[in-house]
Amino acid sequence: MISIAETLLDWYARHGRHDLPWRQTRDPYRLWLAEIMLQQTQVESAKPYYARFLQALPNWQALAAAPQDQVLALWSGLGYYARARNAQRAAQEVVTGFGGHFPDTLEDAVTLPGVGRSTAAAVLASAFGQRQAILDANARRVLIRSHAIDADPKAAATQQWLWTLASALTPEDAHGYNQAIQDLGAMICTPRQPRCPNCPLASRCMAHAQGRSHALPVTVNRPPKPQRCAFFLLVADMEGRILLEKRPDFGIWGGLWCLPQAAPDGGEFAILCNDTLQPLEDTPAVRQFLQEAWSRRLRLDLQLMALEDEQQHVFTHFQLRFRCAHARVLGSAVADSAATLRWYRPADALTQGLPTPIRRILRNLGGGR
DNA sequence: CATCCGTGGCT
DNA sequence: TAGCCAAGGAT
């Protein structure tokens, strides 16, 4: 009987996505960058970012030496910004610790920030032809269905089982096989409405035999996202430049430039309780609070003007409701010299690393819509 | 080990 | 439309 690997490789040769940009190279830098960008990110979303990033920062040395703001600007809109910060740190370690060469063992590769077992394996297999098994969302789904695994996919024991399976099934040509199983997961064995009639593994897929392809992997019901709220400050100086604040290198939107924030509870994203009514209400007390909080923190004498209508932004683990507050500067418009506060002309602001909703706000400043 | 970390597309 | 999910890793 033909092995699963041979079946998949044969299918891949005829139906695989051979034209993906990162499949035109065996350069470890390019392969590694693709793996980082594709973490929790769909191929079509990553494509334009990948091309732009490589154009600007084509090798380890360029990335290692780049200003962090440039790296984050190239990542702006892709999400999970720790990937970008970790990628730069990894490049610096490759340059200084590995002589400018991506490490050629799994043990060394996973010491790089942002590089876990699956990412390391993918790079080692593709760049160096090593027999290394991956276990990403596609491979995981294929294995869970083909072996009709009912257990919670996220449980540690299941993960271990899946890694064992993946390692056992991965042939010498792991480079081809890894791409094949990923393409099968992306094109045939999709999360919803899998195309089993077109699947080369259908005849030996246990889930298919049991008529349960659509029911696997099992999903656990998520509780509703908590709601949070915030105000964003839109203030311009005499020359029409907008004040932005660089966020710290951790947490949500870490390292990105953002509009100054404030929330009713004094933090930046206030958690809403069920009994919190109208948390973003426009009242004199709220206006006074915002005006004082921002004036003090930004060392500006502000006067609050209009509050825009409420908007929303949904994150993985909470939902943000926010309003933009327009203000004018009464006192000195000389901003704090702190490196985390900067006035930007609107056009320049848009070239920076901005969170998506902030980019949307600034884009709409001039012409509406 | 559970939680944190973005965003866009799909149904 | 509201919820689900994606080429995961760090803490």
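Side chains are part of it too, since the values below use all heavy atoms of this structure and drop only hydrogens, waters and symmetry mates. Lettering of chains follows the sequences in order, A, B, ..., and the numbering in each one begins at 1. Just so it is clear, the structure is predicted and the values come from calculations on it, not from any experiment.
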Exercise for review: Determine: side-chain N/O of Tyr81(A) to OP1/OP2 of dT7(B), distance under 4.0 Å, yes or no.
Suggested key: yes
Practice item. Report yes if at least one side-chain N or O of Gln42(A) is closer than 4.0 Å to OP1 or OP2 of dA6(C); otherwise report no. Key: no
Practice item. Can you see which heavy atom on Val314(A) is nearest to which on Gln319(A), and at what distance? Key: CG2-CG, 4.2 Å
Check your understanding: Just to confirm, is there a sub-4.0 Å distance from OP1 or OP2 of dC5(B) to any side-chain nitrogen or oxygen of His317(A)?
Key -> yes
Review point. If you draw a 6.0 Å radius around CZ in Arg345(A), do more than 12 non-hydrogen atoms from other residues or ligands fall strictly inside?
Key: no
Exercise for review: Describe the nucleic acid contact of Ala122(A) in one word from base, sugar-phosphate, nothing, applying a heavy-atom distance below 4.0 Å.
Suggested key: nothing
Check your understanding: Which whole-number value in Å describes the distance from Leu38(A) CG to dG9(C) P?
Key -> 12 Å
Exercise for review: Tell whether Arg17(A) reaches the base of dA7(C) with its side chain through a donor-acceptor pair below 3.5 angstrom.
Suggested key: yes
Check your understanding: Given the P atoms of dG9(C) and dG8(B), what is the spacing between them in whole Å?
Key -> 23 Å
Review point. Contact class for Arg359(A) (heavy atom, under 4.0 Å): base, sugar-phosphate, or nothing?
Key: nothing
Check your understanding: Does the side chain of Trp163(A) get closer than 4.0 angstrom to OP1 or OP2 of dG8(C) through an N or O atom?
Key -> no
Check your understanding: With respect to the phosphate group of dT7(B), does any side-chain polar atom (N or O) of Thr356(A) fall under 4.0 Å of OP1 or OP2?
Key -> yes
Review point. How would you label the contact of Val115(A) with the nucleic acid (heavy atoms, under 4.0 Å): base, sugar-phosphate, or nothing?
Key: sugar-phosphate
Review point. At their closest point, which heavy atom of Arg287(A) faces which heavy atom of Ala306(A), and how far apart are they?
Key: NH2-CA, 4.3 Å
Check your understanding: Can you tell me how far P in dC4(B) sits from the matching atom in dA7(C), rounded to whole Å?
Key -> 24 Å
Revision key, fill the gap. Winner on side-chain proximity to Asp183(A), out of dG6(B), dC5(B), dA7(C), is dA7(C)
Exercise for review: Please state whether the phosphate of dA7(C), meaning OP1 or OP2, lies under 4.0 angstrom from any side-chain nitrogen or oxygen of Arg141(A).
Suggested key: yes
**Study point:** Nearest-nucleotide comparison on DNA chain C, the residue closer to the 5′ end among Gln39(A) and Pro217(A)
**Key:** Pro217(A)
Check your understanding: Contact class for Ser45(A) vs. all strands (heavy atom < 4.0 Å): base, sugar-phosphate, or nothing?
Key -> nothing
Check your understanding: Is the shortest distance from a Lys or Arg side-chain nitrogen in Asp136(A) or Arg141(A) to a carboxylate oxygen in the other one below 4.0 Å?
Key -> no
Practice item. Figure out the CD/P separation between Gln319(A) and dG6(B), and round it to whole Å. Key: 17 Å
Revision key, fill the gap. Rounded to whole Å, the CG-C1' distance (Asp136(A) to dG9(C)) equals 14 Å
Study note, to complete from the structure: With the side chain defined as heavy atoms from C-beta on, Trp253(A) is closest, among dT11(B), dG6(B), dA7(C), to dG6(B)
Practice item. Establish, with yes or no, whether the OP1 or OP2 oxygen of dC4(C) is under 4.0 angstrom from a side-chain nitrogen or oxygen of Thr219(A). Key: no
Check your understanding: Given the C1' atoms of dC5(B) and dA6(C), what is the spacing between them in whole Å?
Key -> 14 Å
Point to revise | Length of the line joining Gln159(A):CD and dG9(C):C1', which is rounded to integer Å | key: 12 Å
Exercise for review: Map Arg222(A) and Gln40(A) onto DNA chain B by nearest heavy atom, then report which one ends up closer to the 5' terminus.
Suggested key: Arg222(A)
Check your understanding: Does dG6(B) have OP1 or OP2 sitting under 4.0 Å from an N or O in the side chain of His313(A)?
Key -> no
Check your understanding: What's the CG-P distance between Asp249(A) and dC4(B), to the nearest Å?
Key -> 20 Å
Practice item. Could you tell me the separation between the CG atom of Leu320(A) and the C1' atom of dC5(B), rounded to a whole number of Å? Key: 15 Å
Point to revise | Nucleotide of dC1(B), dG8(B), dT11(B) approaching Arg192(A) most closely (side-chain heavy atoms) | key: dT11(B)
Exercise for review: Give one of base, sugar-phosphate or nothing for Ile134(A), where a contact means two heavy atoms less than 4.0 Å apart.
Suggested key: nothing
Study note, to complete from the structure: The side chain to side chain contact (heavy atoms under 4.5 Å, CB included) partner of Trp257(A) among Arg342(A), Glu245(A), Arg247(A) is Arg342(A)
Review point. Within this structure, what is the CG-to-C1' distance between Leu78(A) and dG8(C), rounded to whole angstrom?
Key: 14 Å
Review point. Do you know which two heavy atoms are closest between Ala327(A) and Val235(A), and how far apart they sit?
Key: O-CG2, 3.6 Å
Review point. Counting any heavy atom closer than 4.0 Å, what does Gly185(A) reach on the DNA or RNA strands: base, sugar-phosphate only, or nothing?
Key: nothing
Revision key, fill the gap. Heavy-atom nearest nucleotide on DNA chain B taken for Lys154(A) and for Gln193(A); more 5' hit belongs to Lys154(A)
Check your understanding: What does Trp75(A) touch in the nucleic acid at a heavy-atom separation under 4.0 angstrom: a base, only the sugar-phosphate, or nothing?
Key -> nothing
Review point. For the pair made of CZ in Phe318(A) and C1' in dC5(B), what is the distance, rounded to whole Å?
Key: 10 Å
Check your understanding: Minimum heavy-atom separation for Ala230(A) to Leu280(A), with atom names?
Key -> O-CD2, 3.7 Å
